[in-house]
2 protein chains.
Amino acid sequence: MVSNFRQSEILEFARKEGKVTVDGLAEHYNVTVQTIRRDLSVLAESGRLERVHGGAVVPSGVVNIIYEERRRTNEAGKKAIAVKCAQVIPDGASVFMNIGTSTEAVALELLDHENLLVVTNNLNIAYILSANKTCEIILAGGILRRTDGGIVGGLTVEMVKQFKFDHSVLGCSAIDVDGDLLDFDGQEVMVSRTAIQQSRNVMVVADHIKFKRKAPLTICALGDVDILFTDRALSDELAANCEGFKTLVVTT
Amino acid sequence: MVSNFRQSEILEFARKEGKVTVDGLAEHYNVTVQTIRRDLSVLAESGRLERVHGGAVVPSGVVNIIYEERRRTNEAGKKAIAVKCAQVIPDGASVFMNIGTSTEAVALELLDHENLLVVTNNLNIAYILSANKTCEIILAGGILRRTDGGIVGGLTVEMVKQFKFDHSVLGCSAIDVDGDLLDFDGQEVMVSRTAIQQSRNVMVVADHIKFKRKAPLTICALGDVDILFTDRALSDELAANCEGFKTLVVTT
DNA sequence: AAAAAAACGAACGCAAACGAACATTCGTTC
DNA sequence: GAACGAATGTTCGTTTGCGTTCGTTTTTTT
């Protein structure tokens, strides 16, 4: 139970930013710090925030995926990639996003976009974007994979087929030297392929580690991809291929 | 139960803006603040708004609902109802569960069942049951409603249609004196109806408060229900009806 | 390790918001 | 046209929120 307007907004704030400060909030709401302290006490007592000196943070633990995700994201260069990718997506666009921590990073960067329609088979993305009030979220149905919150299976594919997306933001497990996108999971591959078919603009987000990995299944060739976002320069061979494929490469 | 045009507009307003103020609404509708307070009370009582000093806000979103829900669930006699209902469901069964705190309580009681296949349009249930490793969870796809973690819409219905369930566990917003099951949300009604069609055994979980409430839409008649779980004795009239319907009533 | 600064929580008082009870208006029913 | 019920307005005692003050705890600086 929140007892005033501020508290619900503070919660929202905290979830977006990961933390809030007493002073910052006091200034923002033009009230005394004491009032803010009272608010934070209430929110902390009900377990929705964790009080720290000078402010409050979102509690860690299973309950809050956003915060954990944010931490995981920040430690890598994924955020930089995500920022670039989010810049390409305009307000009001329809977007598909699949399973993967890279795509989740993009979701975090989409929190301030407006009026998006996002279709995803990734439960974490649904959670992250639920903090964005103007965003319509459509979950693809199917079998829930508890290891990563992914939704997979034939039903998922069927559902994705019913849409036509302005953009799709895809992650993958690995990228082969010849440019093929690879993955471990056959069911997820089917979902990704379907999304590619249904999208006007296909974007892949992959940090440099993906270029060193291997995976058994092919999702598609880089030629099917419109923009590849990554954090290091590609090998000469791959760069040349991309030119041939007319695939735009964005390096952070 | 939206008893006047204002209330539905206020809801719309609140969902758009995130909040509404008593003063603002009073001025806008040119009525006294007391009248607005009455409206907000009604909306808050049915859980569609959360009352705060000076106005109301939309209930907190899905992200933290799990945590809050767990607390809310335990406080009522819902647990007792849920225990009874869970006893009826054997290991290995296929089960559909819809939106509602009562069904979530049942989900908690299913954590020790084995090899269930659970289809749900309730994100919280998916999360709760993800702790049960032997349980296969299938999420119905569709539009995510951030206020309660429900998944609704035509796509959801289509997906539910593809299954045939041993049992379905349904909650509702209210139960009419003549035995009709009622709900606020038209889209959710469609999902529930579909689930009933596709189920061999239909079970409804409803605490006694539901018998005092009203809601505008009919899901089905009690005659379509095989077992009704509740925590207090029914009115004589309703009990007699149930006998006529061949609906088994289980009271905790 | 001591001192200074910042943050904290408890207590008090005022003003705003609140809800219960009662009064009024208006449309329906008999 | 009298009786009724639902919706709204009115009044009033009660509760709640917020600023202020002050003594305590925590953090930073010296």
Side-chain angles (χ1 to χ4, degrees), chain A residues 1-14 17-60 67, chain B residues 1-14 17-60 68 71-72 75 173-174 176-178 180 182 184 209 211-218 235 237:
Chain A
M1 267 317 119
V2 293
S3 53
N4 63 37
F5 294 122
R6 258 175 287 115
Q7 288 173 20
S8 69
E9 282 184 29
I10 288 173
L11 262 184
E12 205 179 312
F13 231 165
E17 304 291 326
K19 62 170 187 185
V20 288
T21 65
V22 173
D23 285 341
L25 290 170
E27 192 177 346
H28 179 258
Y29 287 108
N30 214 18
V31 294
T32 62
V33 288
Q34 196 54 238
T35 304
I36 296 297
R37 288 204 190 102
R38 271 186 282 248
D39 287 336
L40 296 185
S41 305
V42 172
L43 295 173
E45 213 161 307
S46 59
R48 287 178 289 184
L49 285 184
E50 205 166 292
R51 197 74 164 76
V52 297
H53 223 78
V57 297
V58 184
S60 50
Y67 183 67
Chain B
M1 164 189 33
V2 179
S3 52
N4 64 37
F5 67 97
R6 250 179 291 116
Q7 289 177 17
S8 57
E9 278 185 32
I10 289 174
L11 258 187
E12 206 178 311
F13 240 144
E17 303 289 325
K19 63 177 184 183
V20 288
T21 66
V22 173
D23 286 342
L25 290 170
E27 193 176 344
H28 179 257
Y29 288 109
N30 213 19
V31 294
T32 61
V33 289
Q34 197 54 240
T35 304
I36 297 297
R37 288 205 190 102
R38 273 186 278 249
D39 286 336
L40 295 185
S41 304
V42 172
L43 294 172
E45 207 164 315
S46 56
R48 286 172 295 175
L49 284 185
E50 201 168 303
R51 195 73 163 77
V52 299
H53 225 78
V57 297
V58 288
S60 47
E68 294 194 60
R71 287 187 312 166
R72 215 187 304 167
E75 77 193 20
S173 299
D176 208 32
V177 282
D178 61 10
D180 283 349
L182 307 173
F184 286 110
I209 298 169
F211 292 95
K212 298 175 184 163
R213 287 218 190 123
K214 305 242 190 267
L217 298 168
T218 309
S235 69
E237 184 189 346

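Distance CD1 (B:I36) to C1' (D:dA7): 13 Å, rounded to an integer number of Å. Atom-to-atom, CD of B:Q34 to P of C:dT24 comes out at 17 Å; the value is rounded to the nearest Å. C:dA7 atom P lies 13 Å from atom CG of A:L25, rounded to whole Å. Separating the CG atom of A:L40 from the P atom of C:dC8 is a distance of 8 Å, rounded to the nearest angstrom. Rounded to an integer number of Å, the gap from CZ of A:F5 to P of C:dA17 is 10 Å. Between the CG atom of A:D39 and the P atom of D:dT16 there is a distance of 16 Å, rounded to whole Å. Atom CD1 of A:I10 is separated from atom P of D:dG17 by 13 Å (rounded to the nearest Å). B:H53 has its NE2 atom 10 Å from the C1' atom of C:dA15, to the nearest Å.
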Q) Does the side-chain contact (heavy atoms from CB on, under 4.5 Å) test come out yes or no for B:R51 and B:V22, once each step is laid out? A) CA-CA 10 Å; B:R51 195 73 163 77; B:V22 173; 4.1 Å; yes
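Partner of A:R37 under the side chain to side chain contact (heavy atoms under 4.5 Å, CB included) criterion, chosen from A:L40, A:D39, A:V33: A:V33.
As judged by a 4.0 angstrom heavy-atom cut-off over every strand, B:V22 is placed among residues touching the sugar-phosphate backbone only.
B:I10 is listed as a side-chain neighbour of B:Y29, based on a closest heavy-atom distance under 4.5 Å.
In this model, the phosphate group of D:dG9 is approached by a side-chain N or O of B:T32 to a distance below 4.0 Å at OP1 or OP2. In this structure, B:R37 does not reach the C:dA20 phosphate: none of its side-chain N or O atoms is under 4.0 Å from OP1 or OP2.
Heavy-atom distances to DNA chain D give each of A:V31 and B:T35 a nearest nucleotide, and the one nearer the 5′ end belongs to B:T35.
Between C:dG19, C:dA17, C:dG9, one nucleotide has an atom nearer to the side chain of A:S41 than all others, and that is C:dG9.
Of all the heavy atoms in A:V57 and A:V52, the pair that sits closest is CG2-CG1, 4.2 Å.
Counting heavy atoms of neighbouring residues, nucleotides and ligands inside a 6.0 Å radius, atom CZ of A:F13 does not exceed 12 of them.
Between the base of D:dG9 and the side chain of B:R38 there is a donor-acceptor pair shorter than 3.5 Å.
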